Amino acid sequence: MTERGRFVTFEGIDGAGKSSHIEWFADLLRKQGRKVSVTREPGGTELAEAIREWLLNRPMSMRTEALLAFAARQDHLERVIRPALDSGVWVICDRFTDSTVAYQGGGRGIPLTDIETLERWVHPDLQPDRSFLFDLDPVIAAERRRAARAADRFEAEQQAFFVRVRDAYLARAAGSGSRFRVIDSAKSIDDIRKILELDISSS
Ligand SMILES: Nc1ncnc2c1ncn2[C@@H]1O[C@H](COP(=O)(O)OP(=O)(O)OP(=O)(O)O)[C@@H](O)[C@H]1O
Ligand SMILES: [Mg+2]
């Protein structure tokens, strides 16, 4: 029987450093002989990528945001994530449900119990095996973003929004047993890579 792949997610506020490490991390695993697939949320399928465009660029209520995030996630899980894990592929995903908890819950103000209801509906049986939370002061993240590119609907939010998102992430990490590894994203890219390498080789 094929050993199930592991599900690893990268989380953190906009500009915290997720994308700077994800392909490097996938290559590290490949060098260890694993089959690896890198994907992202919202997105990862044709339908979910179309939903992503709307989520990032069109005005909508916070409830619509949360429901669209989970609609995209349902499609992604059905077509990509579950089949890959079942066939022994490791799935490395840039954002997952912890992002909905942090952005639509913490940031926008949707009650956590409502998001947990959707979570239980869409993936009652599945959680990431490991979630790396790239934790960074929103002031530093905003400086990094300014240097990087034009802002989408979330990136254009005020500092106070990202303070709430960060706090919601940290609360979720504190309440999720050993699933999370919180990484101090103010460290250098090299130092962060050492932490990622150590974590994955010891688990
Ligand atoms: N440890 C670091 N030290 C200094 N700069 C960094 C570090 N990590 C990332 N950066 C820079 O910060 C910017 C944002 O990083 P990155 O795109 O990886 O963030 P992200 O978490 O993927 O953001 P988003 O959620 O918006 O996609 C990039 O320009 C990147 O080069
Ligand atoms: Mg990114």
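Each residue takes its place number in the sequence, starting with 1. All values below were derived from every heavy atom in this structure, side-chain atoms included, with hydrogens, water molecules and symmetry-related copies excluded. Numbering of ligands and ligand atoms starts at 1, following listing order. Predicted model, so just to flag it, every value in this text is computed and none were measured.
A salt bridge is absent between K194 and D199; no separation between the charged side-chain nitrogens and carboxylate oxygens falls under 4.0 Å. For the pair R153 and E65, the salt-bridge criterion is met [side-chain N within less than 4.0 Å of a carboxylate O]. Ion pairing between a basic and an acidic side chain is recognised when a charged N comes within 4.0 Å of a carboxylate O; E11 and R40 show no such pairing. With respect to the salt-bridge test (charged N to carboxylate O, under 4.0 angstrom), the residues D27 and R30 qualify.
The closest approach between a heavy atom of G12 and any atom of ligand 1 is not below 4.0 Å. Close to ligand 1: A16, with a non-hydrogen atom less than 4.0 angstrom away.
Selection from K18, R144, E143 by nearest heavy atom to atom 8 (N) of ligand 1 gives R144.
Atoms of ligand 1 lying under 4.0 Å from at least one heavy atom of E155, given by number and element, are 26 (O). Short contacts between ligand 1 and I189, defined as distances under 4.0 Å to a heavy atom of the residue, involve ligand atoms 1 (N), 2 (C), 7 (C), 8 (N). Annotation for ligand 1: atoms under 4.0 Å from non-hydrogen atoms of S19 are 18 (O), 20 (P), 22 (O), 27 (O).
Of the heavy atoms in K187, only backbone atoms (N, CA, C, O) come closer than 4.0 Å to ligand 1. Only the side chain of R95 comes within 4.0 Å of ligand 1, judged by heavy-atom distances. Within the 4.0 Å heavy-atom criterion, the part of I192 lying near ligand 1 is the side chain and not the backbone.
For R52 (side chain) and P42 (main-chain N/O), a donor-acceptor pair under 3.5 Å exists by modelled atom type. Judged by distance alone, with hydrogens and angles left aside, the side-chain atoms of Q74 form no donor-acceptor pair with the main-chain N or O of A71 at under 3.5 Å.
Here CZ of R73 is found 7.5 Å from OG of S99. Values are rounded to the nearest 0.5 Å. To the nearest 0.5 Å, atom CD of residue E119 and atom OG1 of residue T100 are 9.0 Å apart.
Scanning the protein heavy atoms around atom 26 (O) of ligand 1, the nearest turns out to be R149 NH2, 2.8 Å. Ranking protein heavy atoms by distance to atom 23 (O) of ligand 1, first place goes to G15 N, 2.8 Å. Residue, atom and distance of the protein heavy atom nearest to atom 19 (O) of ligand 1 are G17 N, 3.1 Å. Protein heavy atom in closest approach to atom 31 (O) of ligand 1: S20 OG, 4.2 Å.
Tested against E157, the residues R145, R108, R164 include a single salt bridge (charged side-chain N to carboxylate O under 4.0 Å, His left out) partner, R108.
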Please lay out, stage by stage, how D129 and R4 fare under the test side chain to side chain contact (heavy atoms under 4.5 Å, CB included).
CA-CA 11 Å; D129 298 294; R4 189 179 165 276; 3.7 Å; yes
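Under the 4.0 Å distance rule, the nearest protein heavy atom to atom 28 (C) of ligand 1 falls outside the cut-off.
Within the coordination shell of the Mg ion (ligand 2), defined by N, O or S atoms under 2.8 Å, S20 is absent.
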